[in-house]
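All residue numbers in this chain count up from 1 along the given sequence. Values below: all heavy atoms of this structure, side chains included; hydrogens, waters and symmetry mates excluded. Both counts, for ligands and for their atoms, begin at 1 and track the order of listing.
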Amino acid sequence: MSELKKKLAQKIEGWRPRTVKLLKEHGDVKLGDVTIAQAIGGMRGVKCLVTDISYLDPFEGIRFRGYTIPEVLEKLPKPPGVEAPYVEGFIYLLLTGDLPTQNEVEEIAEEFTERRKVPSYVFDVINALPKDSHPMVMFSTALLSMQKESLFVKQYKAGISKMEYWDPTYEDAMNLLAKLPEIGAYIYRKKYRDSIIPPDPKIDWGGNFAHMMGIDKPYDDLSRLYFILHSDHESGNVSAHAGHLVASALSDSYFAVSAMINGLAGPLHGLANEEVLRWIQGVMDKMGGKVPDKEEMKQFVWDTLNSGQVIPGYGHAVLRKTDPRYTAQREFCLKHLPDDKIFKYVSTLYEVVPDILQEHGKAKNPWPNVDAQSGVIQWYYGVREYDFYTVLFGIGRSIGVLSNIVWDRALGYPIERPKSLTTAMLEDIASGK
Ligand code: AMX
């Protein structure tokens with residue numbers, strides 16, 4: 001058994017009594033009330049999910065296992081001579097709650113190398129899809145096609161005890177995670193370059209993705225940063241929640257991750273990074289390539305709002321300040337591409353959009369989210385097919401979703417089943433009947 005799995009087993013043993021105690025002794029304690037506005041309004045703010053992988057404070061932003069983004073970037077071990085940490089070490093942190101040592105990270109990197117081989121039928125499945133399929137369709141289908149590999153399904157059928165569910169779930173999670181960089185890069189190279197670069201077993205998870213994409217340094221660092229930043233954002237967002245919900249039926253990790261990818265593909269969620277670039281390109285076309293000044297940019301923003309569309313990359317269901325994931329990527333841009341024209345567009349937008357959204361008076365959060373900044377960096381390093389951007393998000397998000405599913409099984413969370421009411425029932429409740 002690997003050190004990571006041993007550590008995880010210990011953590012699970014230590015954690016279970018907490019959940020049992022809460023349920024047994026405090027199960028009736030109220031977490032809040034639910035209003036009609038929340039029931040109609042996408043359950044916003046209803047406290048009814050539990051996760052220890054990450055927590056999102058509306059003003060501070062995300063903490064992964066208690067660590068802020070700057071802390072994660074500073075404290076996790078890094079491959080020699082690079083700026084961003086090993087994604088492998090971040091996976092260790094999300095699964096166990098502990099910061100790994102260099103040795104522990106290297107052990108996971110080796111484990112991933114052993115688990116990395118993608119079955120050849122996965123490539124056949126991708127190749128068989130229409131060439132103009134969206135890359136998120138290719139990604140979701142590729143992941144789903146591997147469902148027959150699930151060890152959870154085999155052991156479940158063999159009658160494994162509920163207490164042991166987490167073990168094959170962990171195996172499925174690690175097997176899936178090990179393969180994601182190659183599947184993602186394959187989709188890109190196949191769809192847009194028509195040539196494939198095989199993985200290099202000597203390179204780490206994030207660096208290998210950059211290698212298979214065929215893009216030079218510092219794209220490896222960007223990849224590590226990107227996957228870490230996009231990994232998790234509590235469990236109520238559409239992708240994380242879709243993964244958790246599907247897994248709650250004891251559907252295995254392949255079904256669950258494919259489902260979460262489908263949720264991520266919506267323009268109000270992960271597809272917003274693609275929308276941001278498309279929107280900016282539209283402005284660039286209208287400006288004949290010139291960077292608009294603030295007044296001109298304000299006009300573009302108002303035109304978009306007045307035509308009934310949202311400003312992609314701005315607003316958030318929980319956050320009420322600039323997303324620290326936006327800030328981390330902005331810092332990368334200020335360091336590596338400060339003079340890039342599209343980055344200047346993004347920066348000018350940051351100067352004008354929050355005030356306009358406030359004046360517009362609808363969005364509860366006028367500040368930029370993660371998606372406002374991510375496309376510009378990909379574009380700069382030559383990934384200009386913005387249809388692909390959400391696949392990058394999906395690779396990162398899989399880390400958080402799979403960590404959550406392992407813990408869902410470890411703590412025995414049941415099938416999810418909230419209660420529905422009819423409109424007439426709401427009307428009766430509203431009128432006091
Ligand atoms: N531009 C214009 N209007 C906006 C807006 C924006 N960026 N963000 C919110 N609004 C509007 C909403 O459409 C809604 O209008 P309505 O009352 O006419 O329906 C109103 O403001 C209130 O919405 P909200 O409570 O502030 O947001 P929400 O929780 O319902 O939705 C989100 C959150 C992210 C879907 C929304 O802000 C949005 O559409 N943003 C643009 C798309 C985007 O960037 N998505 C990515 C989010 C991060 C992620 O998941 N990857």
Side-chain angles (χ1 to χ4, degrees), residues 35 37-46 54 56 58-59 61-62 69 136 226-244 260-280 282-283 297-330 346 349-350 352-378 386 388-401:
T35 64
Q38 286 172 313
I40 295 177
M43 298 181 277
R44 209 65 88 255
V46 178
S54 67
L56 179 59
F59 296 97
I62 193 72
I69 289 172
M136 286 296 270
Y226 193 98
F227 296 140
I228 288 173
L229 292 182
H230 288 79
S231 60
D232 206 39
H233 220 219
E234 284 190 351
S235 54
N237 63 80
V238 169
S239 52
H241 192 196
H244 167 79
M260 85 82 175
I261 293 293
N262 300 345
L264 192 66
L268 293 186
H269 191 21
L271 210 76
N273 54 16
E274 171 182 331
E275 301 278 309
V276 170
L277 248 273
R278 184 173 290 119
W279 189 86
I280 289 178
V283 176
M297 191 61 106
K298 280 182 188 171
Q299 195 52 52
F300 284 118
V301 173
W302 275 116
D303 288 349
T304 300
L305 289 172
N306 290 336
S307 67
Q309 296 168 60
V310 296
I311 306 300
Y314 281 77
H316 199 273
V318 179
L319 277 169
R320 295 294 177 258
K321 62 157 258 187
T322 297
D323 190 336
R325 301 172 299 172
Y326 175 93
T327 310
Q329 294 183 93
R330 181 172 164 79
V346 169
L349 279 171
Y350 193 22
V352 303
V353 172
D355 284 348
I356 295 178
L357 283 180
Q358 260 157 354
E359 190 181 332
H360 186 240
K362 273 188 164 188
K364 295 192 187 67
N365 176 38
W367 301 103
N369 60 57
V370 67
D371 294 310
Q373 187 67 252
S374 51
V376 56
I377 320 183
Q378 296 298 330
Y386 33 77
F388 184 71
Y389 295 169
T390 315
V391 174
L392 298 168
F393 196 151
I395 296 173
R397 183 50 52 96
S398 303
I399 299 170
V401 167

A.B. asks: Please list the nearest protein heavy atom to atom 12 (C) of ligand 1 with its residue and the distance rounded to 0.1 Å.
C.D. replies: Val310 CG1, 5.0 Å
A.B. asks: Return the residue, atom name and 0.1 Å-rounded distance of the protein heavy atom closest to atom 26 (O) of ligand 1.
C.D. replies: Lys364 N, 2.7 Å
A.B. asks: Indicate yes or no: does an N/O atom of His360 lie under 3.5 Å from an N/O atom of ligand 1?
C.D. replies: no
A.B. asks: Can you pull out the closest protein heavy atom to atom 16 (P) of ligand 1? Residue, atom name and distance to 0.1 Å, please.
C.D. replies: Lys362 NZ, 3.9 Å
A.B. asks: Between the main-chain N or O of Ile311 and the side-chain N or O of Thr304, is there a donor-acceptor pair closer than 3.5 Å?
C.D. replies: no
A.B. asks: Nearest 0.5 angstrom please: Leu319 CG to His233 NE2, how far?
C.D. replies: 5.0 Å
A.B. asks: Using modelled atom types and a 3.5 Å cut-off, is there a donor and acceptor pairing between side-chain atoms of Asp323 and backbone atoms of Val370?
C.D. replies: yes
A.B. asks: Does any part of the side chain of Glu359, heavy atoms only, come nearer than 4.5 Å to the side chain of Trp302, both counted from C-beta?
C.D. replies: yes
A.B. asks: Mind checking the NE2-OH spacing from His230 to Tyr389? Nearest 0.5 Å is all I need.
C.D. replies: 12.0 Å
A.B. asks: Would a search of protein heavy atoms around atom 44 (O) of ligand 1 find one under 4.0 Å away?
C.D. replies: yes
A.B. asks: With a cutoff of 4.0 Å, is Leu357 in contact with ligand 1, counting heavy atoms of the residue only?
C.D. replies: yes
A.B. asks: Under 4.0 Å from atom 14 (C) of ligand 1, is there any protein heavy atom?
C.D. replies: no
A.B. asks: Just verifying a value: how many Å separate His269 NE2 and Asp371 CG, rounded to the nearest 0.5 Å?
C.D. replies: 9.0 Å
A.B. asks: Please find the pair of heavy atoms, one from Pro354 and one from Tyr314, that lie closest to each other, and give the distance.
C.D. replies: CD-CE2, 4.1 Å
A.B. asks: List the closest protein heavy-atom neighbour of atom 48 (C) of ligand 1: residue, atom name, distance to the nearest 0.1 Å.
C.D. replies: Asp371 OD2, 3.5 Å
A.B. asks: What residue and heavy atom of the protein are closest to atom 6 (C) of ligand 1, and at what distance?
C.D. replies: Ile311 N, 3.6 Å
A.B. asks: Is there at least one protein heavy-atom neighbour under 4.0 Å from atom 19 (O) of ligand 1?
C.D. replies: no
A.B. asks: Is there side-chain contact between Leu349 and Phe300, with heavy atoms separated by less than 4.5 Å?
C.D. replies: no
A.B. asks: Which distance, rounded to the nearest 0.5 Å, do you find between the CG of Asn237 and the CZ of Arg397?
C.D. replies: 4.5 Å
A.B. asks: If you have a sec, work out which protein heavy atom is nearest atom 39 (O) of ligand 1 and how many Å separate them, to one decimal?
C.D. replies: Leu268 CD2, 3.4 Å
A.B. asks: Is it true that a side-chain atom of Gln38 and a backbone atom of Thr35 form a donor plus acceptor pair closer than 3.5 Å?
C.D. replies: yes
A.B. asks: List the atom of Gln358, the atom of Pro366, and the distance in Å for their closest heavy-atom pair.
C.D. replies: NE2-CG, 3.7 Å
A.B. asks: Which heavy atom of the protein is the closest neighbour of atom 8 (N) of ligand 1, given with residue, atom name and distance?
C.D. replies: Ala363 CB, 3.6 Å
A.B. asks: For atom 23 (O) of ligand 1, decide whether some protein heavy-atom distance is shorter than 4.0 Å.
C.D. replies: no
A.B. asks: May I ask you to list the atoms of ligand 1 that are less than 4.0 angstrom from any heavy atom of Arg44?
C.D. replies: 28 (P), 29 (O), 30 (O)
A.B. asks: What residue and heavy atom of the protein are closest to atom 33 (C) of ligand 1, and at what distance?
C.D. replies: Ala317 N, 3.7 Å
A.B. asks: Heavy-atom contacts with Gly313 under 4.0 Å: which atoms of ligand 1 show up? List them by number with element.
C.D. replies: 43 (C), 44 (O)
A.B. asks: Any N or O of Tyr314 that comes nearer than 3.5 Å to an N or O of ligand 1?
C.D. replies: yes
A.B. asks: Nearest 0.5 angstrom please: Arg320 CZ to Trp367 CH2, how far?
C.D. replies: 13.0 Å
A.B. asks: Out of all atoms in ligand 1, which are within 4.0 Å of some heavy atom of Ala272? Include the element for each.
C.D. replies: 43 (C), 44 (O), 45 (N), 46 (C)
A.B. asks: Output the distance between atom OG (Ser398) and atom CG (Leu264), rounded to the nearest 0.5 Å.
C.D. replies: 8.5 Å
A.B. asks: Which atoms from ligand 1 have a heavy atom of His316 less than 4.0 Å away?
C.D. replies: 33 (C), 34 (C), 37 (O)
A.B. asks: Would you say ligand 1 has an N or O under 3.5 Å from any N or O of Asn369?
C.D. replies: yes
A.B. asks: Quick check on Asn237 - does any of its heavy atoms sit under 4.0 Å from an atom of ligand 1?
C.D. replies: no
